[in-house]
2 protein chains.
Amino acid sequence: MVSIKNVARFADVSVMTVSRVINASGYVSQKTRAKVLEAIDKTGYRVNQTAVGLRTGRSNSIGVIISDISNPFFPFIIKGIDYVCSRNNYDTILFNTGEDIDRELRYINLLKQKYVKGVIISSCLPDYEENQKIFAGLTPVFFNRKPKGIHADSVVNDDYQATFIATEYLIRKGNRKIALINGNMDISTFRERYRGFRAAMDRHAIPVCEELIAVGEYSIEGGYRSARKIFNASIRPEAILPMNNFMTQGLYNYLKEHRIRIPADVSVIGYNDLDWCSLVVPPLTVIKVKKFEMGKRAAEILCDRLQYRAPNSFQEIVLEPEFIIRGSVKSARHAERTPMYAAEAI
Amino acid sequence: MVSIKNVARFADVSVMTVSRVINASGYVSQKTRAKVLEAIDKTGYRVNQTAVGLRTGRSNSIGVIISDISNPFFPFIIKGIDYVCSRNNYDTILFNTGEDIDRELRYINLLKQKYVKGVIISSCLPDYEENQKIFAGLTPVFFNRKPKGIHADSVVNDDYQATFIATEYLIRKGNRKIALINGNMDISTFRERYRGFRAAMDRHAIPVCEELIAVGEYSIEGGYRSARKIFNASIRPEAILPMNNFMTQGLYNYLKEHRIRIPADVSVIGYNDLDWCSLVVPPLTVIKVKKFEMGKRAAEILCDRLQYRAPNSFQEIVLEPEFIIRGSVKSARHAERTPMYAAEAI
DNA sequence: CTGTTAGCGCGTTCAT
DNA sequence: ATGAACGCGCTAACAG
């Protein structure tokens, strides 16, 4: 590989002069600059990022850590991150933890070993404070999930608000026996979603039936099992709220298998608007999380911080969800007259 | 950051001894080894990958270049790559080209600047030979798509076979007026898929109606526009073959908007089996590409090559597709008696 | 078995 | 306006 030394020899100048031309630092006369530029062109020289990294202690990579690349929730977020980073000349190193805390910690260390200074992360760490020292020297921006006690920038969806609105919508349509398919509440998203549901039910003085609350793995299979649990309860649910897209799929599989019709037999509102949600019949009413936006904002914050353009205080962005009404919720009678409190819930 | 020097001082040995312990190279007595290990532990030392990279001219990263992260076709492939690479202690640097050749070339250069020695790539380069020198010093494994004249390892789906089977299935079900929604045939996948379609039609002596062949962007919008073109033709198609998942979605949008029913009004076979394909009503009959397998095989080949365990000759893996029959193709009369040639087509 | 020397490619410091 | 020397953290080659 052609190094800066070769270029210097070719242009008959010192290594330093070449360096100055490349980095546009210090004074170089027009004439030598032209000579150097030509030499760079002729030799096909490219700066060695590794050497620059070692010398400066910096790199132009940022890390992205997610829990599951095969979850269609992430690709658009990554696209948003990519959009911002490529414009700031950062490239992204992607790691997939598979919800394994040890892997997450290992990857964070790996990033530091590469002089990576920033990471955008959907963490499976339950607690930030316990693990704070691991982030030393690495600027994290948390997205989607927020470990407890975090002391860092974050960009999340307003999960509380989202389920509040969805739940209230169901109530307004005359549903009272509402089931929840939730994930592990050690994770902030599921905790918030549960809180939103609970708050809406309480606000309307509707008792929550514990039998209709299922907590399981947030996978297709987990959603299926939770659906089974719910339909084996002593109370038949009028509506179901699965709390992520995988569990929604699992629920669909269960309903299909048991020929339970949406919305005639049970109403459903999905979490996350994916490709298929508008394609199924009836099209699925969903809470839409702004995925691209989430990635974009997180990357913007990180780029700003890495270039010392960010404010000192941590930014905690909460993205407003959209509620997309399609056809998976049945209209009941004596609906519409229920008062709505969603605005208050903010 | 604590360096090898600190560890050496701490353990009261030379830097070299520490290096030997870390890399398990050369002789170190049990006693000093223990001393060093303790020092590493006490100081919290981690090797600096950048320095190792500079010194050895190697890195433990491999590059992954894809055209569009938001295409749900890729995530499972990436998961397959990740599965193999993490077991071989490589991490992956992901780049998204957005089908931009210049970006692709830039990323390839970037990888070289980082001493990355291998790249797994779904390339938008039409011709390998023209760009061969750009790969100098970088081992590429092509997947999904194969630029012309490639002289490298590759893992692709048997796209020819896949459309041959699908087309023949349609014919067997009594369809003769079969429409194709295809992408740009500069790209190998679309070229092969077209060939498979054509071959099946020819084999059964069914004339191909050029009016029913649409070539456009392989996006949701492109699929929609192609569908419109086809339904504005003078001949009404009995069946449609969209040649990737995005175009299938676009087609669905068109059909929905115009209240054209599947399969009563038109039969459809999708390319790629995604989450929603079994969720729509009727469930979609599809050609399934083994995505995880594709990524896994590509990564295995690359890891082998990088560790000089691969044969000298290039491996050109062709993965067998699956054909999943669900409910989007109408059964017509005088079907079943048509002879089948798919086996010959291999 | 262990240490010394040298240098990977670059940028910082200081001199000219 | 330009160059020489030095060192980032590490390992290969050689010496002892």
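Numbers restart at 1 for each chain; the letters A, B, ... are given by sequence-line order, proteins then strands. Below, each value reflects all heavy atoms present in this structure, side chains not excepted, and no hydrogens, waters or symmetry copies.
Y83(A) carries R87(A) over the face of its six-membered ring, with the cationic atom under 6.0 Å from the centre and within 45° of the normal.
Side-chain rings of F73(B) and F246(B) stay apart, their centers remaining 6.0 Å or farther from each other.
Rounding to whole angstrom units, CZ of residue R58(B) and C1' of dC8(C) are separated by 12 Å. Regarding Y27(B), its OH atom lies at a distance of 17 Å from the C1' atom of dG3(C), rounded to whole Å. In this structure, R33(B) places its CZ atom 11 Å from P of dC1(C), rounding to the nearest Å. Remark: P of dT11(D) and CG of N60(B) are 12 Å apart, rounded to the nearest angstrom. Here dC10(C) presents its P atom at 10 Å from CD1 of I40(A), a figure rounded to the nearest Å.
Residue-level contact check: S25(A) touches neither bases nor backbone, having no heavy atom under 4.0 Å from any strand.
Using modelled atom types, one side-chain atom of D153(B) and one backbone atom of Q315(B) make a donor-acceptor pair closer than 3.5 Å. Remark: the backbone N or O of I134(B) is paired with a side-chain donor or acceptor of K112(B) at under 3.5 angstrom.
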Summarise how protein sits on nucleotides 4-10 of chain D as a single string, 5' to 3': B when a protein heavy atom is under 4.0 Å from the base, S for sugar-phosphate-only contact, - for no contact. B--BBBB
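The number of heavy-atom neighbours closer than 6.0 Å to CZ of F76(B), taken from other residues, nucleotides and ligands shown, is 12 or below.
Between S29(A) and dT2(D) there is a side-chain N or O to OP1 or OP2 distance below 4.0 Å.
Under the 30°/60° scheme for interplanar angles, the aromatic rings of F142(A) and Y128(A) are found to stand perpendicular.
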